[in-house]
Amino acid sequence: MSVTPEILSLVDPTVAQLKRRQIEGTKDIALSISQLLMRVISTARWTNPYDLIKIIRKVGTILISAQPKEVVVGNVVRRVLALIRDEIETEATSSSTTASASKDTPMMSSMFSLLSTNNNDSNSEIHHQSKKQSSDLRSIIIQGIRDLIDEISNVNEGIESMSVDLIHDNEILLTPTPSSSTVLQFLIKARAKRKFTVLVTENYPNDIARARKFVKTLAENKIETVLIPDSATFAVMSRVGKVIIGSNSVFANGGCLTNSGVANVVECAKEHKTPVFAVAGLYKLSPLYPFNREDLIEVGNSGKVLNYDDHKLIDNVEVITNPLYDYVPPEHIDIYLTNVGGFAPSFIYRIVLDNYKTEDTNLE
Amino acid sequence: MSAVAEKADTKDQPVKQVKKPEASSAEGTKKLSGKELKELKKLEKAAKRAASKEASGITPEEQKQIAEQKKQKAKEAAAAAAAAAQAHATNTNLKKQLNQTLIKDKAAQKKIPALFSHLETREQRNASSPSISHIVHPEILTLTLKYSTYKIVGSMPRLTAMMKAFKIVIRDYETPANTTLTRNLTGHLSHQIEYLKSARPLSISMGNAIRWLKQEISVISIDTSDEMAKEILCEKINDFIREKIELSDQLIIQYASKHITEGSTILTFGHSQVLEELFKYCAREQGKKFNLIIVDSRPLFEGKKLLHNLIDTTIGDDTYGQVPITKDHIRVQYTLVYSLSSTILEDVDCIFVGAAAMLSNGRLYSRVGTGLIAMMAHSRNIPVLTCCESIKFSDKVQLDSVTTNELADSDDLAQDQDLKKPPQKKSFALEQFLKAKKEAASDETNNNNSTNTNKNKQQQQKQKQQQQQKDEENKADEEPDVPLKDWRTTPNLNILNIMYDLTPPEYINKVVTELGALPPSSVPVILREYKNT
Amino acid sequence: MSSFNITEAYLKFLEDDPDLTMPIAAIESLVTMLRVKQPSTSSELINLVKSNIEVLKSSISNAISLSAGCDLFMRFVLRNTNLYSDWESCKKNLVENGELFVQRAKESRFKSAEFGIPFIKDDDTILVHSFSRVVYQLLLLSKKEKMIRFRVIVTESRPTGKGYHMAKLLQEAGIPVELIVDNAVGFVLHKVDKILVGAEGVAESGGIINHIGSYQIGCLAKANNKPFYVATESHKFVRLFPLSPNDLPEEINKLIASQVPSESNTDVALNTPLIDFTPHEYITALITDLGVLTPSAVSEELIKMWYD
C-alpha cells in the first residue's frame, strides 16, 4: 500500500512550513510532526500493520528531506514507528499460542544471532489480522502518539525537578545557550531554593536578541545575571563552577548538536575541568551516528557576520561563513539531563535503543 | 534643585577623595596621610564657605572657580618646598579639581558584576572643563578624547601617539620661576599623564616608556639651557620611537615571515600593528601568496580595521593600476569568534596573535578572546606565535584574567551598534547637557503646575497635551531592538565588558621579539638583561 | 571411535578456506567434533566441548579470536541446554548446518563493512595497520560500490610483515597505497584524516587486542586528535579485561624469537610479542555487524552474553 494522494495532501502543508522555516524551535517542530502523523494514521487505510509501517516510513522520508539538517523530524517519526512495532509485537505474543523460543530468553545477546537458527523473517506471514483488530490498533497507536505529544509538551517539568539537586548556593553558572527554554525553566526552578549567579554569553550574531530576552527574564526572576561577550569566555572560566547547555539533538554516541559558539565554551570548560551539563528532552535523542561533522552543520546568513553594506570589505574577502550549529563530542559533556533521568554520554546509546528500533534507523 | 544636589555633592566629596588617592597612578607616588587630613579639613571649610557664599547669591560654579584659583595661586606661591613635594601637591590638586568638576549623577550607580568589582570602571571625567584646561595641554586633551572614543586603539598606536604628544608638550613647556627644568618637567608631565589616565588606564608599554622618559629627564645636567634640554629630549624621544618601535617591528617581521610560507593558511585575531606590517611585508616585499583568516569579536571589531588597512595597501605598477594585496596575494576569510570550532581550525597552519604585554611568569596579556583561540589551537596542535616588542615586557605576575583587567563601558555591549563603526561615544559633556535640559524642561512644567493653582481648564488641557507629546517622544526614542536600554536600572542585571585576558604559557609556542624568538618562559630572562644594561 | 584431532580439523578448515576467520574455523571444527562423537547426554556434550576447547586453545599461538569463538560456542551450548527443552533438535541444527555459519560469518564481515562506509569521504587519507580482512572489505566496498576516492597509508607491521600483503591487495583493487615503516607513523600522522584497524579480539572494556603496534598508533592518534576506528565482527568479543598493553595471558602472547639481521654484529636476541592491547580511551568507535558501537556498548553485549 503506497502513500495515497490523500495522505500526501495532509503532509504537504507541514512540508511547506518546514521548507520555509515557518516553524522554529525543536519543540514546535516535534509537536507539529507528531500531530501530523496522528492525522495520517487516522486517515490511512491498511490491511496489515506492516503496510502502515511502510506508509509512515515514506512519509518520514518526505518530511526529512524538507529540512534535512533538522534531526528532530526523524526522531519523532522513528518514535512513532517504534510505537507501532511494539504494538504489533505485543499483539503477536498475545495472539499466537506458541511463543517463539528466542522471545523467552531474558537477555538475548545479539551475538548469538550468528548461531541461532530461528527465522525472524516470518513476521510478514501474520496476515490474520481481522478488521476489528486493525481499528483497535489504530486507536491504540493514536493514543500512543497523544502520550508522545504530552511527553514533548511537558519535557521541561521532568528536567527542572533535577535542578535543585545539581545547583548549590553561591555558585557561578555559565550558559552559552540562551535560546533554550529548557535551560530557562531549569534555572528559574532552581532559584526557588538556591541563590546563584548566571553568566550568559551573547551569541552574536545569531542569537543575540534571544540572549537579551533571556537575561531580562532571568533578572526579572531575581537571579543575578551577567551578560558577557563571546570572547570573554576563557577569561571568566576560572571562576565558573558549572556550565549548563541546551542541545538541539543528541546522537547515539553521546555527542550532541548545539547552537554555534557552544563548542568553544565547552572546550574551555574541559580545559578548566569544569563540569558540563547538557539538558535535552527525550525527543531530541536520535539513533543516528554523527559520521561527518560538515554534513550536520547548517549554514546561515553570511551577512550577519559581515554586513553586505560594507562593499569595500566584501569585495576583498573571499570566504565568509556563518555556521549555525556546532557538534560537541561526547568527551566534552559530563551529564545529560533528560526527562527520564540523568545519564552519562556513554550510556545514551542504551536509551536510544530503548526508544527506537534498529530497523528504523535508515528510513529509505 | 540642582544647587541642593551640588551642596550635597561637595559634602560627599571629601569621602570620595580619600578613596581616590588609593587608586594609585602608574608612577606609584605614595600619599602622606597627614596631607590627606589637611586636605579634608580644607575642603570642609571650603564647603562651609560655599554654603555661606551661596546664601549671598554667588553660584556654586563661580564659587568653585574662585576657590580653585585661590588654591592654585596658593600652591604655586609655595614653591620653596622640595620639587617632589610640590609635584605631589599639584598632583593631588589636579585630582581634586578633576573630582570637583565631576557632576555626580546619583541615579547612575556603579554597576559592575561582583566578580570584577575590584576593577575601576570607566567613569568618564569631564573632558573639557574650563578650569582644567589651563593645566592640561590641548594636545593631551585631544589624545584623551581619541583614546576614550576608541579612535586610537592598540598598544603600539597608543604609545606612539603618546610619545609624539609628549614631544609637543615638552616643546611648549615653559619652566616656571624658582625651579629648573629637570625638576619641574617631570611633575608637569605627571599632570598630563593623570589626565590621560582618565580616558583609559595606561598600557604596560606606555608605563615603561614613561619611566624611561622620566629617567632621561632626570639625567639632564642642570647646566644645559632650557632650549638645549628640550632639543635633547625631543631627539631622545625620536630615537626611542625609532629604536623601540619601528626598528623592533622590522626585526620581528623579518624573523616571523619565515613562518608564513607560500600557500599556507594563517589565522589572526583582532588587530595588531606589527602583525599588519608582517602581512603587508610578506605580500608586498616577499611576494608570497597565502591565506589569511581574520577572526573578529565584539564590541570593538578590530578585525575590520585590519581588513581595511590591508585593502588600502596596494601593489602594482602604474600601467595596470594599483591592486589591493587582498585581491591576489592574500586570500582573506573573515569570521567571528563563535565559529572557531566547526570548520575554521581544520586547515590552519599557524596562528599569529598580538600582545598588549608579556608578563614575567610567561603569560600573555592580550585582547579578550586571545586566550580562547590559543586554547583551541593548542588542543588541535596548531602552533601559536606572538609578536611582541620588548617594550611590552612587564615585571608583573598574574595568574588569571580576573585579578587585573580593564573594564570598558558596558553600554558598548548593550547597544545594537552599527557594524561599520567602532562604539560611538557621546561625549560626557553632551550627555550632561542634554540631561540638564530635560530636567530644566520638567522643572518648568512643575513650576507651572505649582504656581498656577487656579488654572483654567484650557491650561490644564495644554499641560496634558504637552505631557502626552513628551511621552510619545520618549516612546519614539525607545528603539525596539535595544531591549537592554535600561539595564542599569534593572536590578540583578549586569553587563560585563572586559578588555583583556590572560593566556597561559603552555598555549603559546613562540614569542617573537626583536631580540630573537623565545619560549614564553624566558621573558624574565630578557627583563633581567635589560635591567643590567 | 577414530581419534578425532580437533587441532587438525581446525587447521584444515583454515587451510581449505582462506577467507575463514579463526573463530569460525574453531566453531566449525567443534561442530564437526560433535558430529563425529555424537554425545547422548547433555553433560557428556558439555564435557566434550570443554575438553576440546582446551586442547585447541593450548595448541595454537595468538589464539585470542580463537578463544573468543570457542567461548561463544560454549556459552551458546550451555544456554541452550539450560533453557531449552528441545536441545536435541537444537544440537541437530548445529551439526547439520555447519555451512550456514560460514556463510553467516562472511556476511557479518560484509555487514560490518557496510556500517563503516559512511565514515569514508572523498579526499580522505586513511592510515591502516597490518592486515585485516574486515578493513580490506570496508575499503574495497567504498571503492567499488560507492566510488569514493581516497588514499591509504599502510604500515609495514613487522615482524609479521602483513602490511605488504594488505598493500598488494589494495593496489590490485585500484586504491592508491603508500607503505611506510612502523616508526614513521608519527611523521605522517598530521596528513592523515583517520585511522582504521582490525581486531583480533575485543575486550570487555571496549579496548582491542590487535597486532603489535596498534597501541602506539592509538596513543599518537589521541595526541594528534585523529579519530581511531576499529572494524571487527561481533563474534570476536572476548571475555578478557587487560589493564595495560602487556597485560595479556602468557599462552596467548607467544613471543617470536627472530633472527638477528645479518648487518648487525650483536648477539642480542630480538624477542617481540605479536599482539598488544589498546585501551578503550584511545578508540573513537567500533564498527561491527551490530552497528557502530561505543566502547561501553561492547561491555553491555558481553554482559548480556555472560549473564547467568
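All heavy atoms count here, side chains included; hydrogens, waters and symmetry mates do not.
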Below 4.5 Å, heavy atoms only, C-beta onward: do [X] and [Y] meet side chain to side chain?
X        : Y        : result
B:Leu493 : A:Glu220 : no
B:Ser339 : A:Ser260 : no
A:Tyr204 : B:Pro299 : no
B:Gln333 : A:Val317 : no
A:Glu224 : B:Asn494 : yes
B:Val368 : A:Pro229 : no
A:Ile228 : B:Asn497 : no
A:Ile208 : B:Arg298 : yes

Under 4.5 Å heavy-atom distance to chain B, tell me which part of A:Ile223 shows up: side chain, backbone, both or neither.
backbone
Applying a strict 4.5 Å limit to non-hydrogen atoms, the region of A:Ile172 in contact with chain B is side chain
Top contributor to chain A interface from B:Asp400, B:Ile311, B:Ile498, B:Thr370 [non-hydrogen pairs under 4.5 Å]
B:Ile311
B:Tyr338 and its side chain to side chain donor-acceptor pair (under 3.5 Å) partner, picked from A:Asp326, A:Asn322, A:Asn203:
A:Asn322
Among A:Ala263, A:Ser238, A:Ser302, A:Cys268, which has the most heavy-atom pairs under 4.5 Å with chain B?
A:Cys268
Can you tell me which of A:Asp315, A:Val328, A:Thr233 forms the most heavy-atom pairs within a distance under 4.5 Å of chain B?
A:Asp315
Portion of B:Leu502 that has a non-hydrogen atom of chain A nearer than 4.5 angstrom
backbone
Side chain from CB out, backbone as N, CA, C, O: work out which of these in B:Asp312 comes under 4.5 Å of a heavy atom of chain A, or both, or neither.
side chain
Please name the pair of heavy atoms, one in [X] and one in [Y], separated by the smallest distance, quoted to 0.1 Å.
X        : Y        : answer
A:Ala235 : B:Val402 : O-CG2, 3.9 Å
B:Thr335 : A:Val305 : CA-CG1, 4.2 Å
A:Pro205 : B:Leu336 : CD-CD1, 3.8 Å
A:Ser231 : B:Asp501 : O-OD2, 4.4 Å

Interatomic distance, [X] atom [atom1] to [Y] atom [atom2] [nearest 0.5 angstrom]:
X        : Y        : atom1 : atom2 : answer
A:Glu202 : B:Leu496 : CD    : CG    : 10.5 Å
B:Ile294 : A:Leu313 : CD1   : CG    : 9.0 Å
A:Met237 : B:Ser401 : CE    : OG    : 11.5 Å
B:Arg331 : A:Asn316 : CZ    : CG    : 13.5 Å
A:Lys222 : B:Asn492 : NZ    : CG    : 8.5 Å
A:Leu306 : B:Leu307 : CG    : CG    : 7.0 Å

State whether a side-chain donor-acceptor pair under 3.5 Å links A:Glu267 with B:Ser341.
no
Would you find more than 12 non-hydrogen atoms of other residues, nucleotides or ligands less than 6.0 Å from A:Lys312 atom NZ?
yes
Checking the side chain of A:Asn264 only, and the main-chain atoms of B:Val337 only, is there a donor and an acceptor separated by less than 3.5 Å?
yes
